[in-house]
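Sequence positions, counted from 1, serve as the residue numbers for this chain.
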Amino acid sequence: MTRTDDHKTDDTGPSGYAAARLHLLSEGARSGPPRRTALAGLTDDWLTGLFTAAAPTAKGVSLVAVGGYGRGELSPRSDLDLLLLHDGSDPAAVAALADRLWYPVWDLGISLDHSVRTPAEARKTAGEDLKVQLGLLDARHLAGDLGLTAGLRTAILADWRNQAPKRLPELQELCAERAERHGELRFLLEPDLKEARGGLRDATALRAVAASWLADAPREGLADARRRLLDARDALHLVTGRATDRLALQEQDQVAAELGLLDADTLLRQVYEAARVISYAGDVTWREVNRVLRARAVRPRLRSILGGGKPVAERSPLAEGVVEQDGEAVLARTARPERDPVLPLRAAAAAAQAALPLSPHAVRRMAATVRPLPTPWPAEAREQLITLLGSGRPTVDVWEALEAEGLISRLLPDWERVRCRPQRNAVHLWTVDRHLIETAVRASALTRRVSRPDLLLVAALLHDIGKGWPGDHSVAGEIIAKDVAARLGFDRADAGVLATLVRHHLLLVETATRRDLDDPATVRAVADAVGSESTLELLHALTEADALATGPAAWSTWRGSLVTDLVRRVCAVLAGEHPGTEPEPAAPTAEQERLAIEAHRTGGPVLTLRAQAEPGPPEESAETGEPLGVELVIAVPDQPGVLPALAGVLALHRLTVRTGGLRTLRLPDDVDDDGSVLLLDWRVAAEYGSLPQASRLRADLVRALDGSLDITSRLAERDAAYPRRRGRAAPPPRVTVAPAASRHATVIEVRAQDAPGLLFRIGTALEKAAVRVRSMHASTLGANAVDAFYVTSGTGAPLPPEDAAATARVLEEALRG
């Protein structure tokens, strides 16, 4: 270990080392690998001094660095992995030496992972414990008997290579278990830089595989990826002052600043890029390991059958210039990438269709020699891309193989802006680029529902492409989609359809969950935006694929039924059937009418509370419906304060509102010519514990309506009794007036962090604004509440524009307070 003399100290005591260490970590001129090397060198000198002072003439004993310290990679808060190796001749002297080495380390508060063993004991422990063996593969001599250390290193490496057929599958299983526990680093908002898949542990595992001489990882970019993760961990240690590997949200801006990066998103993108390289290298390496092990197991049997000689690998054709060999799609001997610009797409499509991995050697060769595709693309190139996108789950691995060598960004230059881009939204499981591929995978299962599956798959690939640009990603994406469509060779009409799909890919789900579908203006607005039945058909499938690829919180059969209902209504308009000039609400069910009549007769609220499953598609049985929670149906005579009263009572009973609807129900003429009742149909779920009894809910609602239950005070008391949990700062709430959303009411949209009592606060603010809630559509998506309120003045007319804007401002201020 070499280092500069500016940190050298003659004091082998803790104080001298501590001062030199502090100076090294606090100077700004040195960071990254040079600082890690210098810190390891400084620590080497100190420990060597301790060893020499304690045993100046020691024989048969040595001090050995293992693990990360053995590699000379010390982060600011790394622990020291040390082995005191001895020949077993004087155990008492070795024990005394160990005390004189370990205690100074502990005195400084440095974490220490230590052991005292003979070479035989070290080899035995390594044979029993894979983690010990991995640490010893990086053994490095520090002090004492060099021959003893060298002998152990030679033996450990020999053992590892001899036992590789047994130990490497164990190592692969260990990596898989760790990935299952910690997730995939490149998709996590708070990744563990060490333990997550694609992290530093996996990089160390690849070094171990290389040391076995059985297989080797792709070297391109691997060292740089590992360095970036180590640099990020160094900065994390310095910012937090702790030995942590988890890149928490609240520390990402500081870590980015420590590394000289623009912001936390830039930091995450670099970390994700590094993890992608390591993950892909791991996939390729373990595939090669398994191939070699299978070949070794089969070869003796083949030799006995064939009478010796090396068997010839079978090659089965997959496509022009592409064959299958040893379980991979590889280039045929006759393939000429330099003369065939479509070959990368053809090879990728063939591999995905056959559910085979694409050989990294083939991808590397194509990336180095293939000519760019002409613009516009030839028809074959476009067809191969669509085939690749329509291949389902195998598309993911094949796409990543092309990504690893930069072929995707060469085929689609706009991809560079979304590659490894984080999405700071808990609803999203993936980065932007992976989400686009996942959407294509989901869309591939829906191609039988549309007349133009090619447009569906390309729209799935492009629908979020605008997230790499500032502003509304749908607007930016529309422009990019037109450009990409022309590049791919689509005609002007198809390019227009793709642009429309990208521009309006959120339209159906947002309208279905936030708007009154009984209002003709709602349906007409969607019809005008979509333009044709064929585009509507594509948009319907794209909406489902997008939501399914986002995460479990983004889609359900209930949301699907709302979207399907909207599509049916829009399709009728596009086919020439025009709804009436007045909204025609759905007829009440028999039970709803019964509750309304009873509420009118008694003059108070009437409710039912029962478990309810989400309605599945007609072909699904009742048993497959997805549980949505509990259906709460309330009828109450039309009067002020119903919304805040009900929302407050639900909050007091710790019921979370998943969806909520409110409308005015006219009573039958034979009951009351002028009577009307408010009907509320909500889906609720208990935060924890069991559901309250319906009788208790009704009793509290009666008290809330007559003013004897002070909901505001009760909620404040409950909140004060529970300490605030530390968490990320949520974006501020946003309240807007939707322009021209309805001819019969003013539509006020609320987007806010979901929280207990949120609907109560909204309802209270609307009551204070002296507006009447004609209907409402509330939904919760992950941690976000997205609600739409159709409000009118006291006379039942839409609010004047200035009053609507003022109401929105008052509501937003109330939610911010």
Side-chain angles (χ1 to χ4, degrees), residues 516-518 558 582-615 628-686 690-711 745 759-760 762-764 766-767 772-778 789-792 794 796:
D516 185 355
L517 302 191
D518 293 320
W558 168 76
E582 292 296 326
E584 297 180 2
T589 65
E591 181 189 31
Q592 291 173 342
E593 191 169 280
R594 178 185 64 78
L595 292 175
I597 294 172
E598 186 176 347
H600 176 70
R601 181 178 59 80
T602 62
V606 180
L607 61 86
T608 61
L609 183 69
R610 66 170 184 268
Q612 179 75 24
E614 287 190 311
L628 180 64
V630 171
E631 183 181 32
L632 174 63
V633 181
I634 300 175
V636 61
D638 194 354
Q639 59 187 291
V642 171
L643 175 58
L646 174 58
V649 167
L650 295 181
L652 287 178
H653 285 273
R654 299 189 183 279
L655 290 175
T656 299
V657 179
R658 290 185 172 175
T659 65
L662 178 154
R663 64 177 170 133
T664 302
L665 188 66
R666 302 293 301 180
L667 294 173
D669 292 342
D670 58 350
V671 176
D672 190 328
D673 290 342
D674 300 319
S676 65
V677 171
L678 291 179
L679 184 69
L680 301 97
D681 191 347
W682 291 19
R683 303 294 175 90
V684 299
S690 58
L691 291 164
Q693 294 180 345
S695 58
R696 287 193 59 195
L697 283 178
R698 182 185 181 281
D700 283 349
L701 181 56
V702 170
R703 293 174 58 208
L705 289 170
D706 67 22
S708 61
L709 177 61
D710 188 347
I711 293 175
L759 265 179
F760 170 70
I762 293 173
T764 301
L766 291 175
E767 286 290 325
R772 181 175 178 231
V773 179
R774 182 172 173 270
S775 65
M776 62 168 279
H777 303 272
F789 299 88
Y790 285 65
V791 302
T792 64

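Going from atom CG of L680 over to atom CZ of R663 covers 10.5 Å, rounded to the nearest 0.5 Å. With rounding to the nearest 0.5 angstrom, the CG atom of L643 is 8.0 Å from the OG1 atom of T764. The distance from the CG atom of L678 to the CG atom of L665 is 9.5 Å, given to the nearest 0.5 Å. Atom-to-atom distance recorded for F760:CZ and L646:CG is 11.5 Å, nearest 0.5 angstrom.
For residues 635-652, every residue pair satisfying the side chain to side chain donor-acceptor pair (under 3.5 Å) rule, not counting sequence neighbours, is listed here: D638-R772.
Annotation: side chain of W682 is not in contact with side chain of L655 (no heavy-atom distance under 4.5 Å). Counting only heavy atoms from C-beta outward, the side chains of H777 and Y790 approach each other to under 4.5 Å. Within the 4.5 Å cutoff, the side chain of D681 has no heavy atoms near those of the L679 side chain. Using a 4.5 Å heavy-atom threshold, the side chains of L650 and L759 count as separate. Residues V636 and V677 fail the side-chain proximity criterion, which asks for heavy atoms closer than 4.5 Å.
Between P692 and L609, the closest heavy-atom pair is O-CD2, 3.4 Å. Pairing each heavy atom of E767 with each of G641, the nearest pair is OE2-N, 3.0 Å. Considering every non-hydrogen atom in both I711 and G648, the closest pair reads CG2-CA, 3.6 Å. When all heavy atoms of P637 and G603 are compared, the pair lying nearest together is CG-C, 3.7 Å.
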Please list every donor-acceptor pair under 3.5 Å in which a side-chain atom of residues 693-705 meets a protein atom from a residue at least two apart or in another chain.
residue	atom	partner	partner atom	Å
R698	NE	P605	O	2.7
R698	NH2	P605	O	3.4
D700	OD2	H653	NE2	2.7

